[in-house]
Amino acid sequence: MSKSAIKDTMDALVIELNQHTYNYYVLAMPTIADYEFDKKLEALAKLEKEYPEFADPDSPTLKVGGDITKTFKTVNHKWPMLSLGNTYNEQDLRDFDDRVRKALGDNFEYVCELKFDGLSISLTYEHNKLVRAVTRGDGRKGDDVTSNVKTINNIPHHLRTNAAPELFEIRGEILMHRAAFEKLNREREEIGEITYANPRNFAAGTVKMQDSREVAKRPLDCFLYALNTDKTLFKTHWESLQTLITWGFHISEHNILASSMDEVFAFIKHWENERYKLSYDIDGIVIKVNSYSQQQELGFTSKSPRWAISYKYKAQEVETVLEKVTYQVGRTGAVTPVANLKPVQLAGTTVKRATLHNANEIERLDLHLGDTVFVEKGGEIIPKIINVNLEKRKTDALPVIYPLTCPECNTNLIRKEGEVAFYCPNDEGCPPQIVGKIQHFISRKAMNIDGLGDETIETFYQRGLIRHISDLYTLKNQAEALKTIDRFGEKSIENMLKGIELSKQMPFEKVLFGLGIRYVGETVARKLAYGTGSIDRLATATVEELTTIDEIGQRIAESIREYFSKPEHLHQIERLKAYGLQFMAKEIAITLESDKLTGKTFVISGVFEQFNREDLKELIESNGGKLLSSISAKLGYLVAGDNMGPAKLEKAKKLNIPLISADDLLEMLK
Ligand code: AMP
Ligand code: ZN
């Protein structure tokens, strides 16, 4: 390679890697696997060593990575938050161990820890009180996200110890458990929101949200793994971790002490497979020299400590062939490409399909039919294609071209400005959209209609029995047609019709959610229902009026306007009204947001005649109160309904917790 070609290669790598760093840290939406990133970074570092004259002062090899988000206060780290050196194979790790051994001799130990795949956080405690939580940012300074972090249950706000120093910092990793990730992502998908690629991005996105109340609704967890103090309190890292447990911090129970590399490798080997049994993702393990004085002896490079290193697991990856790409049209009309693969074994399951997310992804991969692709299974259930093995591409392979028209109804697809997904706009005539909308309407979280399932809806649609949500309410006039459907006996029909009849009593917010307006999820539907009081007010409210309602932003408001601008929709609503569905909010619409309950904690138990629990919870939270999961001495109030468990009642009495009724709660808000 000529010198100028080398310089070009290096410059291109700098630009590319800086973009990836930005995608990762700022957008929290990486488009490259960590492993790939590290390989490229390594390649660049190697070139910089050989050709220092071409090294860019802005090179990502000199930075920890990361960036600061404008909307949060920037705070300097008292102790810089450095990166960790990464290794991917046994030899790299042995080299690290040799360097350590050279400096320290043979008399030292390692602490082996899991490398949690989340985002790092620095917590500062003063006088036993949590005063600040800051993201890593660029390593020197990060974002102050204290109020968001305070919503995480296992991060103590106050310590019950008199052994802690006046001021200290503790570091850890915030993460989201896989089950919560999958549940929340599914909910996002249901309302047409972009889904997150993995739990880490979801956690990172959550910590950077503007509204702490929204953060509180998303379950995050935190594992802590390092203590920084001005005066050294302990001789070893291990000792400090054990003590932190007694101060009330959540420390992983999987840490071990190792006195040889054999033990380190055994730990790595054990977790390589065992990690799939954890409820959260780890992407490797970390080893740290145990003794603080030995850590000091080793010191730091500009980027990372010399006394610690991580070993990253390669994501499980296999090669297979892309047979074809199919396109799924969802309830909201979004058209999602799906890769159909030659079946292959990966991480214990047979993989036949992989998600391609959107048109950009096809472009990024430059996919061709028949391509040999690398498929990876990370935290997510659905595997994804990492890249293409170009060497195996046939010369006559045809590129995959994202369609211009809907694969189901042939309507021209559209893409809204600023969005990645293409949509089929034919919401009134596109079969999967029609069926999907009715399925959404009857679903558990919407109208919760008993005796009716997704498949039945599909069948009814194919038989021409229903085309709109409102047609459900005239099914009772179709008794003869219903009887001709296989496996649909008299009893089933009766059950279904009863369920449909009962749904007329479902409150307005459920009906509104059931209509399936884009971006109107469960919570938004409730806010809109109480914020406007009725469908008529909602249908005529302007964007400006709508955005004065708590949590309703421009995007949601515009989507609502668009929905009600269509005559078909208004016509449907008129029909539903005529059948007797609820289109007015109930009277408990005192959800005027306030801070009247700030500092107060509640547990709700039992059943309530006039309220459902969700409403009570919402009421408490939207007025600044906090819900606890169990009864303890810390609890402020127990909101007690009927049929409360006797054990709970007894515990509350023993601890002298005031019992209040739902009416008392309303009284507190007056
Ligand atoms: P990297 O981002 O690959 O340079 O790795 C460094 C990051 O690993 C730290 O900033 C932490 O966020 C994270 N990490 C996860 N688990 C641990 C652990 N047990 N000890 C230290 N760092 C950890
Ligand atoms: Zn269509």
Side-chain angles (χ1 to χ4, degrees), residues 21 24-25 30 33-35 37-38 41-42 60-61 63-66 77 79-88 110-122 134-139 142 170-175 200 203-204 207 222-228 237-238 240-241 244 250-256 267 271 275 278 280-289 301 303-305 307-313 327-336 403-414 422-437:
T21 312
Y24 185 106
Y25 285 102
D34 288 356
Y35 177 72
F37 180 89
D38 291 330
L41 193 68
E42 222 171 77
T61 59
K63 282 182 284 196
V64 180
H77 292 298
W79 291 276
M81 290 182 86
L82 299 177
S83 199
L84 279 175
N86 287 325
T87 60
Y88 289 97
Y110 289 120
V111 178
C112 302
E113 303 177 13
L114 303 182
K115 188 169 189 299
F116 306 103
D117 197 9
L119 68 145
S120 40
I121 194 80
S122 145
V134 184
T135 64
R136 178 157 90 164
D138 65 3
I170 180 161
R171 283 186 189 167
E173 197 88 351
I174 294 178
L175 53 84
R200 181 193 50 223
V207 166
C222 184
F223 283 104
L224 297 154
Y225 48 65
L227 173 71
N228 282 311
H237 176 54
W238 183 261
S240 89
L241 290 179
L244 287 172
H250 189 209
I251 311 285
S252 170
E253 76 250 38
H254 300 305
N255 300 337
I256 62 154
F267 186 80
W271 286 105
R275 65 190 169 124
L278 293 168
Y280 47 85
D281 287 346
I282 63 170
D283 60 343
I285 62 110
V286 182
I287 63 173
K288 301 170 181 171
V289 169
T301 69
K303 278 179 55 172
S304 52
W307 43 264
I309 198 151
S310 72
Y311 174 92
K312 287 209 187 175
Y313 293 121
Y327 297 87
Q328 269 175 356
V329 182
R331 165 170 73 79
T332 58
V335 180
T336 313
L404 296 171
T405 59
C406 176
E408 300 278 347
C409 75
N410 268 326
T411 308
N412 286 340
L413 299 182
I414 54 165
F422 279 94
Y423 285 88
C424 166
N426 181 20
D427 63 340
E428 287 291 311
C430 183
Q433 292 191 58
I434 295 172
V435 173
K437 283 196 173 75

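Whatever order the structure lists ligands and atoms in, that order sets their numbers, starting from 1.
Contact of the Q433 side chain with the V329 side chain is registered, since non-hydrogen atoms from C-beta on lie closer than 4.5 Å. The shortest side-chain heavy-atom distance between N426 and C406 does not fall under the 4.5 Å cut-off. I121 is not listed as a side-chain neighbour of L119, based on a closest heavy-atom distance of 4.5 Å or more. The shortest side-chain heavy-atom distance between D283 and Y313 does not fall under the 4.5 Å cut-off.
Put simply, OG1 on T87 and OH on Y311 are 7.0 Å apart, with the number rounded to the nearest 0.5 Å. Separating the NZ atom in K288 from the OH atom in Y225 is a distance of 7.0 Å, to the nearest 0.5 Å. Atoms OG1 and NZ, from T332 and K437 in turn, are 7.5 Å apart once rounded to the nearest 0.5 Å.
With a heavy-atom cut-off of 4.0 Å, V286 touches ligand 1 through its side chain alone. With a heavy-atom cut-off of 4.0 Å, E173 touches ligand 1 through its side chain alone. At a 4.0 Å heavy-atom cut-off, ligand 1 touches K288 through the side chain alone.
Every atom of ligand 1 is numbered from 1 in the order shown, and the set under 4.0 Å from a heavy atom of S120 is 10 (O), 11 (C), 12 (O). Close contacts between ligand 1 and R136 involve ligand atoms 2 (O), 10 (O) [criterion: under 4.0 Å to a heavy atom]. Interface of K312 with ligand 1, defined as ligand atoms under 4.0 Å from a residue heavy atom, comprises 3 (O). Near F116, meaning under 4.0 Å from one of its heavy atoms, ligand 1 places the atoms 15 (C), 16 (N).
Residue contacts with ligand 1 include L114, since one or more of its heavy atoms lies under 4.0 Å from the ligand. Taking 4.0 Å as the cut-off, M81 does not count as a neighbour of ligand 1 on heavy-atom distance.
Where the criterion is an N or O separation shorter than 3.5 Å, residue side chain and backbone included, L82 fails it with respect to ligand 1. Checked by distance only, ligand 1 and E113 come closer than 3.5 Å through their nitrogen or oxygen atoms.
At least one donor-acceptor pair under 3.5 Å links the side chain of H77 to the backbone N or O of T135.
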